[in-house]
Amino acid sequence: MEAKTLFDKIWDAHEIEKVKGGPSVLYIDRHLIHEVTSPVAFLGLKTRGLKVFRPDQTTATPDHNVPTTNQHLTIMDELSRHQVDMLKRNCQEHDIVYHDLQTDGHGIVHIIGPELGLTKPGMTIVCGDSHTSTHGAFGAIAFGIGTSEVEMVLASQCIMQPKPKKMRITVNGKLKKGVTAKDIALYIISQISTSGGTGHFIEYAGSAITSLSMEGRMTLCNLSIESGARGGMIAPDETTINYVKGRQYAPIGKDWDEAVEQWNNLKSDPDAVFDTEYTFDATQIEPMITYGTNPGMGVGITQSIPKTEGMEGSDKNTYLKALQYMGYSEGEKMLGKKVDYVFVGSCTNGRIEDFRAFTAFVKGRKKAQGVTAWLVPGSQKVEKQIRAEGLDKVLTEAGFELRQPGCSACLAMNEDKIPEGKYAVSTSNRNFEGRQGPGARTMLASPLTAAAAAITGVITDPREFL
Amino acid sequence: MAYDKFSKITSPAIPLPVENVDTDQIIPARYLKAVERKGFGDNLFRDWRYNRDGSPKTEFPLNNPMYSGKILIGGKNFGSGSSREHAAWALYDYGFRVVVSSFFADIFKNNALNNGLLPVVVPGEFLQRIFKTIEKNPDAEFEVDLQKQKFTILESGESVEFEINPYKKHCLQNGLDDIDYLVAMKDKIAAFEKTK
Ligand code: SF4
């Protein structure tokens, strides 16, 4: 038998047909929808006189534009409220499970999927948000789609996709203290660039990857898209199976045993061939920070902003334009740079482990004067867990307050916008111009690096405090 | 979503010689709150096109009366970042039918093709030649022939062939989309479900 990669195995099991000279028709097991990229798709269905084909394989929640304070009140912003209402109405009309604000299953789509046990190994999962790649952490094919594609999946539970190429990124060795999954991800992107993964689906492997927790794996897979890849995945193992076990939508009894048996086969064959391979050494990775306006513009925190030597033409212009936006100059050290805002949250780093790490760091310390910190749990469950573990008290003592779940300053569609010209250390995934608000300047980093910045008010190496 | 059938376009082009133009620049997130697919062209490149007070930034190519046309010439890695399809809608709604670059981000390319906007990939060198041509003569015309898969600088006659998946080509030429195709194969999908 032909040797297959993990990706091939799942893809082939879901490919209904290959259109001649065209894409494949791929069957989708789970479709996640939210308020921003679904209304036009529902409208399209209506225009065509269609119903949702498999409503029970669709799950909805409002997350992108919801406020992160006073969620018990009506949403103030009229357009946001309208989008959320539309989602609710569309779900009612089409019998789709809808996790409303303030209910137990509410949160950022990519956080609630795994929490509820909707995300399982071997599945195909799509959502109209590019960070759907998060779910790949479970050994699933998961990727972001556009609104036309949302409409396709609603209409047929299928999507038309050309089969991507396969890439394997192996990271071996033990991570140093203070270095997290976020740093691995930012390091990889800084090495292969924001277009290095284009056309590919990534499988992460190696000892540094298998020793990550499920939360860490989700952070890493989440950021796959920032290298240009369609998604990233990690073969399921004990860690994965233990995480899924007992969750609301996880199989039980005999079904569970059968599922586990299947999941144990989900790995790339030893002689499977990848189109592209990279290998990195985990011991070389420092806590990372970005200095520019795309996630590939990152350096180890003790490093300086790279110089333009050797760059030419439009590459150089683009680079200088990014630095100008950030108000930085080439060759400057990142350590000691001023920080006005700290954002902890998003589907990249808004899980319980991220809040544990942040809280442990700030415990017994105080938030720096002049720093505004937004701590936004990724879901209701994360928020509850924070309170159950008493982390909220520690945070309050250190001068921090907790907000309510949602995407928040990750894309600043709600009120949580970083003001023009201000510097934010953010645990989210994109540092594009204006991503966190018009004129906002974003530096992406791990929750530990965010914590170090929050208590010192400047870019600080978190290892100094560990 | 219905869009115009695409065959051949002859038009001047608007240059945007910036690399890594991400979809957050094409259409910032705060303009994604509509529940219909209309009017996104007004906010295309919002923050590059307008000052905070709403006045146009005169130096931005879209505001430069010298430039016009249905073709946008972008720098390398056009359309990176967020999967928002609104980026393709905004470009289409503004009046673009073709975007040319030496490299497109995957999702953007798919979204564009699903919405009647043709992404044309040309070699980096050729891209620079297009920019130079417009620099010398902003009225210079270009021809995009989908049938022949050919992009031509009419002034000099220089041309390159571009790739497009035959299925997508068929869809564009006929103004069809994937949903039409999938809905037609529902029985096959239902049969597949039974085998799972
Ligand atoms: S947190 Fe950010 S990346 Fe994640 S789903 Fe929300 S907007 Fe998308």
Side-chain angles (χ1 to χ4, degrees), chain A residues 13 16-17 19-23 25 27 36-37 39-40 43-44 48 50 53 64-65 77 79-80 82-83 86 128-130 144-149 151-152 155-162 164 194-195 198-199 225 228 230 294 314-315 318 321 411-413 420 430 432-435 438-439, chain B residues 1 17-20 22-25 28-30 32-37 46-48 52 75-77 80-89 103-108 110-111 114-115 128 131 165-171 177-183 185-186 188-193 196:
Chain A
I16 302 185
E17 72 169 37
V19 181
K20 222 170 141 230
V25 174
Y27 188 77
V36 176
T37 53
V40 174
L43 199 69
R48 291 173 202 251
L50 296 171
F53 187 59
H64 277 59
N65 68 25
D77 180 81
L79 294 170
S80 299
H82 188 49
Q83 277 191 328
M86 284 286 274
D129 178 281
S130 36
I145 56 178
T147 299
S148 297
E149 295 170 311
E151 190 181 334
M152 262 176 238
S156 68
Q157 204 57 37
C158 287
I159 190 169
M160 304 197 72
Q161 282 288 305
T194 52
S195 56
T198 304
I225 179 82
R230 288 298 271 134
N294 74 54
S314 60
D315 282 341
T318 307
K321 183 169 168 281
L411 88 167
M413 260 189 98
E420 180 162 8
R430 284 183 173 149
F432 299 148
E433 285 184 27
R435 168 80 177 185
Chain B
M1 177 67 187
V18 182
E19 295 185 354
N20 304 313
D22 59 75
T23 52
D24 275 83
Q25 308 316 320
R30 58 187 192 283
L32 306 185
K33 291 186 182 174
V35 293
E36 281 179 85
R37 194 189 288 233
R46 180 76 206 192
D47 295 341
W48 285 355
R52 299 271 185 271
K76 187 170 71 188
N77 200 20
S80 57
S82 156
S83 63
R84 65 188 64 155
E85 192 162 330
H86 311 67
W89 300 342
F103 194 92
F104 288 99
D106 277 347
I107 304 186
F108 174 79
N110 254 325
N111 286 338
N114 271 335
N115 289 282
Q128 294 314 319
F131 281 131
N165 173 302
Y167 165 77
K168 286 289 177 195
K169 180 173 174 179
H170 170 81
C171 287
D177 66 16
D178 291 347
I179 301 171
D180 302 315
Y181 187 95
L182 288 173
V183 170
M185 65 177 280
K186 263 192 186 158
K188 196 165 175 187
I189 297 170
F192 175 85
E193 285 177 325
K196 273 181 70 87

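In this text, all values refer to a predicted model and were calculated from it rather than measured experimentally. To find a chain, count down the sequence lines: A is the first, B the second, and so on, and within it residues start at 1.
Side-chain contact between A:D77 and B:K33 is present, with heavy atoms from C-beta onward closer than 4.5 Å. Counting heavy atoms from C-beta on, the side chains of B:F192 and A:V25 never come closer than 4.5 Å. Taking the side chain as every heavy atom from C-beta outward, B:M185 and A:V19 never approach each other to under 4.5 Å. For the pair A:E433/B:D22, no side-chain contact is recorded, criterion being any heavy-atom separation below 4.5 Å from C-beta on. With contacts defined as side-chain heavy-atom distances shorter than 4.5 Å, the pair B:D177/A:M152 does not qualify. Using a 4.5 Å cut-off on side-chain heavy atoms (C-beta onward), A:T37 and B:E85 make no contact. Under the 4.5 Å side-chain criterion, counting only non-hydrogen atoms from C-beta, A:S148 is not in contact with B:D178. Between A:P438 and B:R46 the shortest side-chain heavy-atom distance does not fall below 4.5 Å.
Proximity to chain A (any heavy atom under 4.5 Å) is restricted, for B:F103, to the side chain, taken from C-beta onward. With a 4.5 Å cut-off on non-hydrogen atoms, A:I225 touches chain B through its side chain but not through its backbone. With a threshold of 4.5 angstrom between heavy atoms, B:H170 does not approach chain A through any atom at all. When heavy atoms are compared at a cutoff of 4.5 Å, A:M413 approaches chain B by way of both its backbone and its side chain. Only the side chain of B:D24 has a heavy atom closer than 4.5 Å to any heavy atom of chain A. Contact of A:R435 with chain B is made through backbone and side chain together, with heavy-atom distances under 4.5 Å. Heavy atoms closer than 4.5 Å to chain B are found in the backbone of A:I145, but not in its side chain. Using a 4.5 Å cut-off between heavy atoms, A:N294 contacts chain B through its side chain alone, with no backbone atom that close. Interface remark: B:K196 contributes side-chain atoms only to the contact with chain A (heavy atom separation under 4.5 Å).
Taken to the nearest 0.5 Å, the OG atom of A:S156 stands 11.5 Å off from the OH atom of B:Y181. Expressed to the nearest 0.5 Å, how far OG1 of B:T23 lies from CZ of A:R430 amounts to 6.0 Å. Rounded to the nearest 0.5 angstrom, A:R48 CZ and B:I179 CD1 are separated by 4.0 Å. Note that CD of A:E149 and CG of B:N110 are 5.5 Å apart. Values are rounded to the nearest 0.5 Å. One finds the CG atom of B:N77 at 5.0 Å from the OG atom of A:S195 (value rounded to the nearest 0.5 Å).
Between chain A and the options B:R84, B:K186, B:R52, B:Q25, heavy-atom pairs under 4.5 Å are most frequent for B:R52. For the options B:A105, B:G81, B:A191, B:P17, heavy-atom pairs under 4.5 Å to chain A are most numerous at B:G81. When the candidates A:G44, A:G199, A:G128, A:A412 are compared by the number of heavy-atom contacts under 4.5 Å with chain B, A:G199 comes out ahead. Per-residue counts of heavy-atom pairs under 4.5 Å with chain A were compared for B:K168, B:R30, B:K188, B:E36; the largest is that of B:K188. Ranked by heavy-atom pairs under 4.5 Å with chain B, the first of A:T198, A:L411, A:T194 is A:T198.
Listed here is the closest heavy atom pair of A:P23 and B:Y167: CD-CD2, 3.3 Å. Annotation for A:S130 and B:I107: closest pair CB-CD1, 4.4 Å, computed over non-hydrogen atoms. Annotation for B:D106 and A:G228: closest pair OD2-O, 4.2 Å, computed over non-hydrogen atoms. Shown here for B:V183 and A:A155, the closest heavy-atom pair between the two residues is CG2-CB, 4.2 Å. Shortest non-hydrogen contact noted between A:G146 and B:N111 is CA-OD1, 3.5 Å. The heavy-atom pair separating A:T147 from B:H86 by the smallest distance is OG1-CE1, 4.3 Å.
Of the possible polar contacts, one joining the A:Q83 side chain to the B:L32 backbone as a donor-acceptor pair under 3.5 Å is found.
Sparse packing is recorded around NZ of A:K20, with 12 or fewer heavy atoms of other residues, nucleotides or ligands lying under 6.0 Å away.
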